[in-house]
Trainee: 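For reference, the structure I am asking about is given below.
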Amino acid sequence: MTRVLVNKPQPLEARFAQERDRVQAAFGKRLREFRVEKQLTLEMLAERADLHANYVGAVERGERNLSLYNIWRLAQGLGLPADELMQELPTRKGKR
(Lines give C-alpha, C1' and ligand atoms only; values in the text may rest on other atoms or scores of the structure.)
Protein backbone atom coordinates (compact mmCIF):
# COMPACT_ATOMS: atom_id res chain seq x y z
CA MET A 1 0.00 0.00 0.00
CA THR A 2 1.30 3.45 -0.95
CA ARG A 3 1.61 5.91 1.87
CA VAL A 4 0.08 9.34 1.24
CA LEU A 5 1.14 12.38 3.25
CA VAL A 6 -2.00 14.02 4.57
CA ASN A 7 -0.68 17.57 4.85
CA LYS A 8 0.93 17.63 1.41
CA PRO A 9 -1.53 18.64 -1.32
CA GLN A 10 -1.67 16.19 -4.18
CA PRO A 11 -1.86 17.51 -7.74
CA LEU A 12 -5.30 17.29 -9.34
CA GLU A 13 -5.91 15.22 -12.43
CA ALA A 14 -6.24 17.44 -15.50
CA ARG A 15 -10.02 16.98 -15.78
CA PHE A 16 -10.54 17.99 -12.14
CA ALA A 17 -8.21 20.96 -12.51
CA GLN A 18 -10.19 22.17 -15.53
CA GLU A 19 -13.45 21.75 -13.61
CA ARG A 20 -12.03 23.67 -10.64
CA ASP A 21 -10.83 26.46 -12.93
CA ARG A 22 -14.30 26.77 -14.51
CA VAL A 23 -15.97 27.01 -11.11
CA GLN A 24 -13.46 29.53 -9.78
CA ALA A 25 -13.84 31.71 -12.89
CA ALA A 26 -17.66 31.63 -12.64
CA PHE A 27 -17.54 32.48 -8.94
CA GLY A 28 -15.12 35.36 -9.56
CA LYS A 29 -17.29 36.75 -12.34
CA ARG A 30 -20.37 36.68 -10.10
CA LEU A 31 -18.45 38.31 -7.24
CA ARG A 32 -17.27 41.11 -9.53
CA GLU A 33 -20.81 41.65 -10.86
CA PHE A 34 -22.18 42.08 -7.33
CA ARG A 35 -19.30 44.33 -6.32
CA VAL A 36 -19.76 46.61 -9.33
CA GLU A 37 -23.55 46.63 -8.88
CA LYS A 38 -23.06 47.83 -5.30
CA GLN A 39 -20.53 50.42 -6.53
CA LEU A 40 -17.69 49.08 -4.39
CA THR A 41 -14.01 49.13 -5.27
CA LEU A 42 -11.88 46.06 -4.64
CA GLU A 43 -10.36 47.86 -1.68
CA MET A 44 -13.77 48.71 -0.20
CA LEU A 45 -15.00 45.12 -0.45
CA ALA A 46 -11.72 43.79 0.92
CA GLU A 47 -11.98 46.11 3.93
CA ARG A 48 -15.60 45.13 4.58
CA ALA A 49 -14.71 41.43 4.33
CA ASP A 50 -11.49 41.85 6.34
CA LEU A 51 -9.45 40.40 3.47
CA HIS A 52 -6.55 41.78 1.45
CA ALA A 53 -7.46 43.59 -1.78
CA ASN A 54 -4.94 41.47 -3.73
CA TYR A 55 -6.71 38.33 -2.51
CA VAL A 56 -10.14 39.66 -3.55
CA GLY A 57 -8.72 40.58 -6.97
CA ALA A 58 -7.29 37.08 -7.39
CA VAL A 59 -10.68 35.59 -6.46
CA GLU A 60 -12.41 37.75 -9.06
CA ARG A 61 -9.90 36.61 -11.70
CA GLY A 62 -10.57 32.97 -10.82
CA GLU A 63 -7.06 32.41 -9.50
CA ARG A 64 -7.95 31.39 -5.93
CA ASN A 65 -9.75 28.35 -4.61
CA LEU A 66 -11.23 30.03 -1.58
CA SER A 67 -12.59 28.52 1.60
CA LEU A 68 -16.19 28.46 2.73
CA TYR A 69 -15.25 30.91 5.46
CA ASN A 70 -13.92 33.42 2.93
CA ILE A 71 -17.00 32.99 0.73
CA TRP A 72 -19.07 33.86 3.79
CA ARG A 73 -16.85 36.87 4.56
CA LEU A 74 -17.15 38.20 1.00
CA ALA A 75 -20.92 37.73 1.03
CA GLN A 76 -21.16 39.62 4.33
CA GLY A 77 -19.00 42.39 2.85
CA LEU A 78 -21.51 42.67 0.01
CA GLY A 79 -24.49 42.50 2.35
CA LEU A 80 -25.71 39.25 0.78
CA PRO A 81 -26.37 35.70 1.97
CA ALA A 82 -23.51 33.41 0.90
CA ASP A 83 -25.78 31.31 -1.31
CA GLU A 84 -26.33 34.35 -3.59
CA LEU A 85 -22.69 34.10 -4.66
CA MET A 86 -23.06 30.39 -5.41
CA GLN A 87 -26.28 30.60 -7.47
CA GLU A 88 -24.92 30.49 -11.01
CA LEU A 89 -21.97 28.13 -10.72
CA PRO A 90 -21.63 25.67 -13.60
CA THR A 91 -23.29 22.27 -13.35
CA ARG A 92 -20.86 19.45 -12.67
CA LYS A 93 -20.15 17.16 -15.59
CA GLY A 94 -19.41 13.90 -13.86
CA LYS A 95 -20.68 10.49 -12.93
CA ARG A 96 -24.35 10.18 -12.23
Side-chain angles (χ1 to χ4, degrees):
M1 180 186 295
T2 306
R3 186 173 176 178
V4 177
L5 295 174
V6 176
N7 292 331
K8 184 177 180 186
Q10 301 299 311
L12 287 176
E13 292 179 31
R15 65 188 171 113
F16 294 127
Q18 290 173 346
E19 184 177 59
R20 178 206 56 213
D21 293 346
R22 269 192 11 254
V23 170
Q24 287 175 197
F27 182 87
K29 181 180 177 196
R30 185 126 168 107
L31 178 64
R32 179 176 285 135
E33 288 169 355
F34 278 119
R35 179 178 61 77
V36 170
E37 179 182 300
K38 296 199 177 267
Q39 299 180 340
L40 298 172
T41 64
L42 271 172
E43 292 77 13
M44 292 165 72
L45 176 56
E47 186 174 325
R48 289 178 176 199
D50 200 25
L51 294 166
H52 197 281
N54 291 345
Y55 178 83
V56 176
V59 170
E60 286 190 356
R61 292 188 301 274
E63 299 170 354
R64 299 299 300 251
N65 188 11
L66 61 169
S67 68
L68 177 59
Y69 179 57
N70 285 344
I71 292 171
W72 177 79
R73 289 165 72 178
L74 287 165
Q76 295 296 300
L78 290 167
L80 301 169
D83 67 323
E84 269 304 301
L85 291 174
M86 310 289 285
Q87 293 274 322
E88 295 184 24
L89 294 181
T91 304
R92 185 159 194 225
K93 300 174 188 173
K95 297 178 183 177
R96 300 204 187 239

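Small disclaimer: the values here were computed from a predicted structure and weren't measured.
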Trainee: Quick one: salt bridge (charged side-chain N to carboxylate O under 4.0 Å, His left out) partners of Glu63, sequence neighbours excluded?
Mentor: Arg61
Trainee: Quick one: list whatever passes side chain to side chain contact (heavy atoms under 4.5 Å, CB included) with Arg48, sequence neighbours left out.
Mentor: Leu40
Trainee: Name all residues meeting the side chain to side chain contact (heavy atoms under 4.5 Å, CB included) criterion together with Ala26; count only those two or more places apart in sequence or in a different chain, and write none if there are none.
Mentor: Leu89, Pro90
Trainee: Under the salt bridge (charged side-chain N to carboxylate O under 4.0 Å, His left out) test, which residues partner Glu43, sequence neighbours left out?
Mentor: none
Trainee: Can you tell me how far apart CD (Glu84) and CZ (Arg30) are? Round to the nearest 0.5 Å.
Mentor: 6.0 Å
Trainee: Please report, to 0.1 Å, the donor-acceptor pairs under 3.5 Å made by any side chain of residues 68-81, with sequence neighbours excluded.
Mentor:
| unit_1 | atom_1 | unit_2 | atom_2 | d |
| --- | --- | --- | --- | --- |
| Asn70 | OD1 | Arg73 | NH1 | 3.2 |
| Asn70 | ND2 | Tyr55 | OH | 3.0 |
| Arg73 | NE | Ala49 | O | 3.2 |
| Arg73 | NH2 | Asp50 | O | 2.3 |

Trainee: Quick check: is Phe16 connected to Leu66 through a chain of hydrophobic side chains (ILVMFWY, heavy atoms under 4.5 Å apart)?
Mentor: no
Trainee: Look up atom CD in Glu88 and atom NZ in Lys29, then write down how far apart they are to the nearest 0.5 Å.
Mentor: 8.5 Å
Trainee: Mind checking side chain to side chain contact (heavy atoms under 4.5 Å, CB included) for Gln39 and listing every partner two or more places apart, or none if nothing turns up?
Mentor: none
Trainee: How would you list, by chain and number, every residue that makes a salt bridge (charged side-chain N to carboxylate O under 4.0 Å, His left out) with Glu37, sequence neighbours excluded?
Mentor: none
Trainee: Who pairs with Arg35 by salt bridge (charged side-chain N to carboxylate O under 4.0 Å, His left out), at least two apart in sequence or on another chain?
Mentor: Glu60
Trainee: Take Leu45 and Leu31 through the test side-chain contact (heavy atoms from CB on, under 4.5 Å) and record every step on the way to the result.
Mentor: CA-CA 10 Å; Leu45 176 56; Leu31 178 64; 4.1 Å; yes
Trainee: For the atom pair CD (Glu19) and CD (Glu13), what is the distance rounded to the nearest 0.5 Å?
Mentor: 11.0 Å
